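These numbers come from a predicted model, not from an experiment. What's counted below: heavy atoms across the whole structure, side chains too, no hydrogens, waters or symmetry copies.
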Amino acid sequence: MTKRHLKRQLNLLQVIMLGTAGTIAAEIFVLTGHAAGIAGPAAVLALLVGGLLTLSVALNYCELATTYPVTGGAMTYVREAFGNNLLMFLVGSLDCLSSTFYAALSSIGFAYSLKVFIPGLPVVPVAMLVILLFTVLHIRGVYEAGNIQIFLGGFLLLVFTAFIVLGLTRSTGFHMDIFTSGQAVFEHHTLWANIARMMATIALVYNAYVGFEVIADDAEEVTNPSRNIPMGILVSLGISTLVYSLVALVTIGTVPYSELAGSETALTDAAMRFWPRLGVPLMAVAGIVATLTSVNSAMLSATREAFSLSRFGVWPRPFSRLGRYRTPYVSIIIIGAISALVAAIGLVDFLSFISSAGYLFVLFWASLAMVNLRKAHPTIERPFKAPFFPLTAYAAAGAGFFIVAFTRVEALLFLGGVLAVCSVFYYGGRVFANRRKARQELAEANGANRILIPVSNPDTAESLARLAAVMGQMQEDTSICLFTVVQTSGVLSPEAAERALNRINNKHVLLERVAHFAQERNVALYTKRRAATNLAESILKELNGHGDVRMVLMGWPGAITGQDLAHNVVKEVLITARAHVAVLRDRGLQRVQRILVPVGGGPHARLCLRWASQIAEIEKGSVTAFRVLPKTMELEESEDQMLLLQEIVEEELGGAVPKAMKFRVTYADNIVDGILAETQRQPYDLLMIGSSEQWFSRNYLFGYINDQIVENAPCSTLIVRRYQSETMAWLRRQVKKIEE
């Protein structure tokens with residue numbers, strides 16, 4: 001089945017700026033001083049070598065991202081090469097977490113840069129605030145994020161060009177004696193000691209060079225991907241390497257590296273020497289702008305990775321939910337919140353090591369994935385082929401492995417801990433799912449599968465029993481209990497209650513009227529009667545006393561509003577029952593072969609889908625999964641909504657869509673008019689509709705929309721409220737309020 005895709009809207013210039021501005025931003029301002037402290041003048045050479053080492057990775061990504069131009073980046077390639085398994089889960093999760101940490105690192109760099117103008121500015125709150133702003137921006141769409149990246153990236157390149165030119169030409173700028181500060185570029189006597197310092201520097205800043213990965217992560221949103229992706233990746237890497245190396249050369253050649261060591265304001269320290277009047281404020285503004293572009297690209301990457309993990313079914317499904325702007329708003333909100341929390345750590349160099357270690361793990365496996373993919377799919381179309389294969393793949397994997405060896409022990413331990421936690425989560429989730437399935441099977445084996453039908457009107461008992469008999473066939477060992485409550489004026493003794501029940505002896509009459517529905521389908525049916533002062537309490541006592549009721553099936557209580565509704569038996573059961581609740585508005589239900597199910601994203605509609613599919617299979621009928629769209633919706637978005645409808649059905653039914661399942665969308669001014677028009681377009685036997693989140697309200701039975709549909713639909717209607725814990729139901733209501 002065709003999957004929903006993100007909208008392609010990033011042009012070549014936007015792609016280049018996403019890779020370039022996102023790369024040269026946070027690292028160049030925040031880590032130049034740290035790199036100088038580790039390697040001294042050799043830091044410049046380390047930056048050049050780091051760029052060259054990354055070229056093999058870039059070439060691999062050009063091939064992979066054009067062959068698979070979908071969102072997800074490395075996890076997509078690993079999944080295609082090694083399968084949907086633990087490795088894919090770890091690569092995707094590490095990629096997402098590394099981008100999330102990089103966004104936090106960039107936000108901290110923004111706060112440090114802003115302190116040049118506002119010395120007393122608190123770093124952590126400002127970093128968290130900028131993440132919040134970009135969270136809102138990304139929810140509105142990637143096109144706006146791309147345009148902002150063009151504007152900010154262009155400003156950055158102009159400022160860095162001026163910084164490099166003035167630093168190399170003015171007398172107060174670059175000097176070789178300052179650059180070396182009395183030492184040779186390779187200070188140590190042994191080759192290994194020099195290499196070790198350089199590799200430690202590369203490990204510190206290596207994640208700066210993989211800023212192009214955001215292009216692969218967002219490949220699904222790039223126009224003309226066969227051309228724009230490889231050009232964007234290679235151009236952005238070339239620009240980034242050149243700018244990084246020249247800026248470091250000017251900075252270390254203007255201010256002795258011993259003074260720069262550990263500084264988070266190295267570039268403004270250098271500008272103070274050769275460009276004091278305009279350079280310092282401009283570099284400070286550039287630092288602000290540059291770190292903003294890093295936050296932008298890192299969050300874009302992290303949210304798309306979370307989206308893909310969810311779409312592949314290894315992260316919770318809500319992460320792949322698209323909002324009105326066709327952006328994964330749930331992923332954006334959660335990633336934004338995690339980035340803000342990580343930013344509160346405030347340890348700049350440690351965050352960089354963590355981010356670099358995670359990226360290296362991801363790049364290592366992505367490079368090896370290309371080798372497997374070349375072998376497994378030799379004839380697949382590859383718009384871009386990496387030269388010197390397999391040298392590029394093995395060189396990229398080897399470089400990543402080599403650099404990891406020089407990463408700080410703390411970061412590696414943290415990386416190992418993250419991998420362990422992710423592995424536990426992956427296998428623990430499977431174990432939990434298997435145990436839950438086993439408990440469910442055990443419960444079914446023990447007969448814990450009862451349909452409870454509270455009967456207050458014998459005339460409605462036939463329709464309820466007929467429907468319950470059909471639903472009883474959906475699962476083995478299901479029994480139907482017709483539960484009658486005889487209301488008394490006061491509390492009776494057991495003997496008095498028995499006499500009252502005997503006076504109203506309709507037990508056999510009721511059984512005679514409905515028993516044949518169950519007998520025809522080989523479903524057990526029996527009756528129970530209770531004498532009580534409160535109908536709802538008696539029903540709930542029966543429901544909770546045995547713990548074997550799967551569903552409560554009740555008849556529609558009629559038009560009730562206001563104070564009457566608050567004390568209605570159906571409403572009290574609906575709010576309190578710890579089981580699924582279904583309420584039938586009977587309009588002459590005789591058979592259940594043509595079923596209409598309006599589908600939203602909530603759990604109640606999804607339960608309707610599952611039940612309707614099972615009923616249609618038993619009755620040799622059909623189900624129409626239906627969605628109402630606004631009349632003003634554009635064609636492209638309408639197609640996306642149809643794909644969403646198909647995805648929901650496929651996910652809920654756990655596999656291929658049955659042949660009896662049909663899909664339909666219609667356009668109307670509101671949901672009520674759209675559903676009612678569909679029920680009048682052709683004769684349906686049953687309309688099954690999930691409850692809205694207003695079912696908990698005391699003003700409606702199930703909700704305004706549900707109540708209106710039930711009153712006006714020409715066919716029988718079954719409204720379903722899926723049981724959820726009180727906490728989960730409350731959370732869903734809060735999310736619904738936010739979405740509205």
Checking the side chain of [X] only, and the main-chain atoms of [Y] only, is there a donor and an acceptor separated by less than 3.5 Å?
X	Y	answer
Ser331	Phe319	yes
Gln14	Asn11	yes
Arg721	Leu574	yes
Arg79	Asn85	no
Ser613	Arg610	no
Ser339	Ile335	yes
Asn706	Gly690	yes
Ser93	Leu90	no
His138	Ile332	no

How long is the straight-line distance from [atom2] of [Y] back to [atom1] of [X], given to the nearest 0.5 Å?
X	Y	atom1	atom2	answer
Asp95	Leu309	CG	CG	8.5 Å
Phe101	Leu94	CZ	CG	9.5 Å
Ile338	Leu97	CD1	CG	7.0 Å
Met128	Ile131	CE	CD1	7.5 Å
Leu12	Asn224	CG	CG	9.0 Å
Asn372	Tyr77	CG	OH	15.5 Å

Walk me through it: do Val599 and Leu609 pass the test side chain to side chain contact (heavy atoms under 4.5 Å, CB included)? CA-CA 8 Å; Val599 180; Leu609 268 176; 4.0 Å; yes
Where do [X] and [Y] come nearest, in terms of heavy atoms and distance?
X	Y	result
Ala74	Val91	CB-CG1, 4.0 Å
Thr303	Pro328	O-CG, 4.5 Å
Met688	Cys608	CE-O, 3.9 Å
Ala219	Val70	CB-O, 3.7 Å
Cys96	Trp315	SG-CH2, 3.8 Å
Ala286	Leu156	O-CD2, 3.3 Å

Taking the side chain as C-beta and beyond, is there a heavy-atom pair between [X] and [Y] under 4.5 Å?
X	Y	value
Arg606	Arg722	yes
Pro230	Thr66	yes
Ile333	Ile139	yes
Phe110	Val295	no
Phe134	Leu292	yes
Ser691	Val720	no
Phe663	Phe626	no

Residues forming a side-chain hydrogen bond (donor to acceptor under 3.5 Å, both in side chains) with Ser301, sequence neighbours excluded: Ser99, Asp217, Glu305
Trp611: side-chain hydrogen bond (donor to acceptor under 3.5 Å, both in side chains) partners, not counting sequence neighbours: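 For Trp611, no residue satisfies side-chain hydrogen bond (donor to acceptor under 3.5 Å, both in side chains) once neighbours in sequence are set aside.
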Excluding sequence neighbours, so at least two apart, what forms side-chain contact (heavy atoms from CB on, under 4.5 Å) with Ile233? Ala58, Tyr61, Cys62, Phe212, Ile215, Ile229
Check this for me: Leu629, atom CG, are more than 12 non-hydrogen atoms of other residues, nucleotides or ligands nearer than 6.0 Å? yes
Anything under 30° is parallel, anything over 60° is perpendicular, the rest tilted; go ahead and classify Phe82 against Trp365. perpendicular
Step-by-step side chain to side chain contact (heavy atoms under 4.5 Å, CB included) determination, Val628 to Ile675: CA-CA 7 Å; Val628 181; Ile675 293 176; 4.0 Å; yes
Mind running side chain to side chain contact (heavy atoms under 4.5 Å, CB included) on Val285 and Phe155 for me, showing each step along the way? CA-CA 10 Å; Val285 172; Phe155 172 79; 3.8 Å; yes
Does Val597 form a side chain to side chain contact (heavy atoms under 4.5 Å, CB included) with Ile689? I'd like the steps, not just the answer. CA-CA 6 Å; Val597 183; Ile689 183 168; over 6 Å; no
